[in-house]
Amino acid sequence: MSGRFAESDVEEAALDWFSDLGYEVLHGPEIAPGEPLSERDGYDAGILEKRLRSALAKLNPDIPEEAREDALRKLARSEHPGLIENNRRVHGFLIDGVPVEYQADGRAVADYVRLIDFERPEKNEWLAVNQFTVVEDRRHRRPDVVIFVNGLPLAVIELKNPADENATTRDAFKQLQTYKAEIPSLFFYNAALIISDGLDARAGAISSDWERFMPWRTVDGRELAASTEPQLEVLLKGMFDKSRFLDLVRHFLVFEETRQGPVKKLAAYHQFHAVRQAVESTVKAIKGDKRVGIVWHTQGSGKSILMVLLAKWLLEEDSEARVLVVTDRDELDRQIEGVMKNAGVIGPESPSPRITS
């Protein structure tokens, strides 16, 4: 991009790319409280409740309305003092559904209200909104672009002016830290954070430090994008294709317990595509000639987290599956076992009955 481009140009380009992906695009002021097309009762609402109610009714037609309303209240409620704990709670709702109880035929029924149709992306409602104002504790903040799935704000994008030498991707990262501190309720639902200065573009999770915000270098995973392609376009089209984004939410976010508390990790692009292809090959191998394949790692490429993500997905596909981890060093053995325990793939007992190392 040349010096004539402004931050608003990058924002409009991002919205155009989301439109290309099949997202509805709206401008924040159009749906602000009090406007004819308003979708919120107040600026403190991060959820678009009308859209969420509609989605819950479509996805859960056999669950009574009062139970669906109970699920909505649970989603909007904060139950923990920390952002990460609240985010982990909501992430569980996204994956498993919101637990509810209701009466049917004179008996109490325990059920789950689904928030997303992971199997059929087009059955969900996809929306990109720019300049989405949120007010919390009298603090007004306006992220550049917020991505909603069924009315839930699952991604926040912060952009900087590529013509301003003093406005960098690092500044966009710092801006997101301010948002998390001042309007944390918007991030209870967050699956991905995106930062860009129009040239550089990176993705991370809500607890990622600067070093964990990384580029996304491919759209479809078959080949790396050319250096002449805008990094932001590659990232948005690579991550936010509807099917890929739902896979990312469902399979490529993991929470780990550390001494400093829980952290959330988002897979890098090479981990994402390697695990996707490995799962696909494994399923084919089970049904066919039994040949799965090899994932080749380089040093420092994140092989431990890749193995965690792969084991997690395979065990979700088949709870009776067995995962065998073979290492050549006791130190590596303990390291991988620790990573899998921290990520919740195996329980605190060792050895695990399902994963042998």
Side-chain angles (χ1 to χ4, degrees), residues 80 82-96 118 147 153-158 169 172-173 176-177 179-180 184 187-195 201-218 221 235 238-240 244-279 295 297-316 323 325 332 334-348 355:
H80 301 280
L83 171 57
I84 305 301
E85 289 84 353
N86 279 302
N87 183 272
R88 178 157 60 177
R89 170 178 172 268
V90 173
H91 183 75
F93 292 162
L94 290 173
I95 304 305
D96 301 320
F118 285 103
I147 303 304
L154 298 191
V156 175
I157 301 170
E158 188 63 18
T169 305
F173 169 80
L176 287 179
Q177 310 316 302
Y179 292 162
K180 289 190 297 180
F187 296 89
F188 291 173
Y189 318 91
N190 187 267
L193 298 175
I194 309 301
I195 53 177
R202 305 181 184 209
I206 58 168
S207 61
S208 298
D209 56 21
W210 169 249
E211 285 71 24
R212 285 293 301 176
F213 270 77
M214 293 177 287
W216 198 274
R217 300 190 185 280
T218 179
L235 186 152
M239 282 185 64
F240 288 94
R244 286 194 287 267
F245 185 67
L246 290 188
D247 269 356
L248 185 147
V249 172
R250 190 179 190 182
H251 299 297
F252 292 94
L253 291 163
V254 64
F255 291 86
E256 289 188 9
E257 293 295 337
T258 71
R259 293 180 180 178
Q260 291 74 36
V263 297
K264 187 178 186 181
K265 292 185 177 180
L266 169 70
Y269 74 93
H270 61 283
Q271 295 164 331
F272 177 88
H273 287 289
V275 169
R276 266 183 131 214
Q277 293 175 31
V279 170
V295 178
H297 301 87
T298 57
Q299 186 173 1
S301 63
K303 56 183 175 294
S304 296
I305 193 67
L306 187 150
M307 284 187 277
V308 167
L309 295 168
L310 177 57
K312 183 172 178 287
W313 191 340
L314 292 174
L315 293 172
E316 288 169 357
V323 177
V325 179
L332 185 58
R334 290 190 295 270
Q335 174 191 338
I336 294 174
E337 181 182 6
V339 171
M340 289 192 170
K341 285 182 177 179
N342 287 339
V345 178
I346 59 177
I355 297 182

Counting only N and O atoms by type, is there a donor-acceptor contact under 3.5 Å from the side chain of [X] to the main-chain atoms of [Y]?
X: Asn190; Y: Pro153; answer: no
X: Arg244; Y: Gly238; answer: yes
X: Lys180; Y: Ile206; answer: yes
X: Trp313; Y: Leu315; answer: no

State the [atom1]-[atom2] distance between [X] and [Y], to the nearest 0.5 angstrom.
X: Tyr269; Y: Met214; atom1: OH; atom2: CE; result: 10.0 Å
X: Leu253; Y: Leu94; atom1: CG; atom2: CG; result: 9.5 Å
X: Lys265; Y: Leu309; atom1: NZ; atom2: CG; result: 10.0 Å
X: Arg250; Y: Glu316; atom1: CZ; atom2: CD; result: 7.5 Å
X: Leu310; Y: His251; atom1: CG; atom2: NE2; result: 11.5 Å
X: Ile194; Y: Phe240; atom1: CD1; atom2: CZ; result: 4.5 Å

Does any non-hydrogen side-chain atom of [Y] lie less than 4.5 Å from one of [X]?
X: Asp247; Y: Phe272; result: yes
X: Ile147; Y: Leu154; result: no
X: Ile157; Y: Ile195; result: no
X: Asn87; Y: Lys264; result: yes

Self-check item: Residues in ring-ring contact (aromatic ring centres under 6.0 Å, His included) contact with Phe188, at least two apart in sequence or another chain
Solution: none
Minimal non-hydrogen separation, [X] against [Y], with atom names:
X: Ser207; Y: Ile84; value: CB-CD1, 3.7 Å
X: Leu193; Y: Ala205; value: CD1-O, 3.8 Å
X: Pro262; Y: Arg88; value: CB-NH2, 3.8 Å
X: Val249; Y: His91; value: O-CE1, 3.2 Å
X: Leu306; Y: Ala274; value: CD1-CB, 3.8 Å

Exercise. May I have the step-by-step check of side-chain contact (heavy atoms from CB on, under 4.5 Å) for Leu235 and Arg217, ending in yes or no?
Key: CA-CA 7 Å; Leu235 186 152; Arg217 300 190 185 280; over 6 Å; no
Quiz item: Which is it for Arg276 and Phe252 under the side-chain contact (heavy atoms from CB on, under 4.5 Å) test, yes or no, and what are the steps along the way?
Solution: CA-CA 10 Å; Arg276 266 183 131 214; Phe252 292 94; 4.0 Å; yes
Practice problem: Classify the ring geometry between Phe187 and Tyr179 as parallel (under 30°), tilted (30 to 60°) or perpendicular (over 60°). | Solution: parallel
Exercise. May I ask you to decide if the ring planes of Phe173 and Trp210 are parallel, tilted or perpendicular, using 30° and 60° as cut-offs?
Key: perpendicular
Practice problem: Only counting residues at least two apart or in another chain, list the ones meeting side chain to side chain donor-acceptor pair (under 3.5 Å) with Arg212. | Solution: none
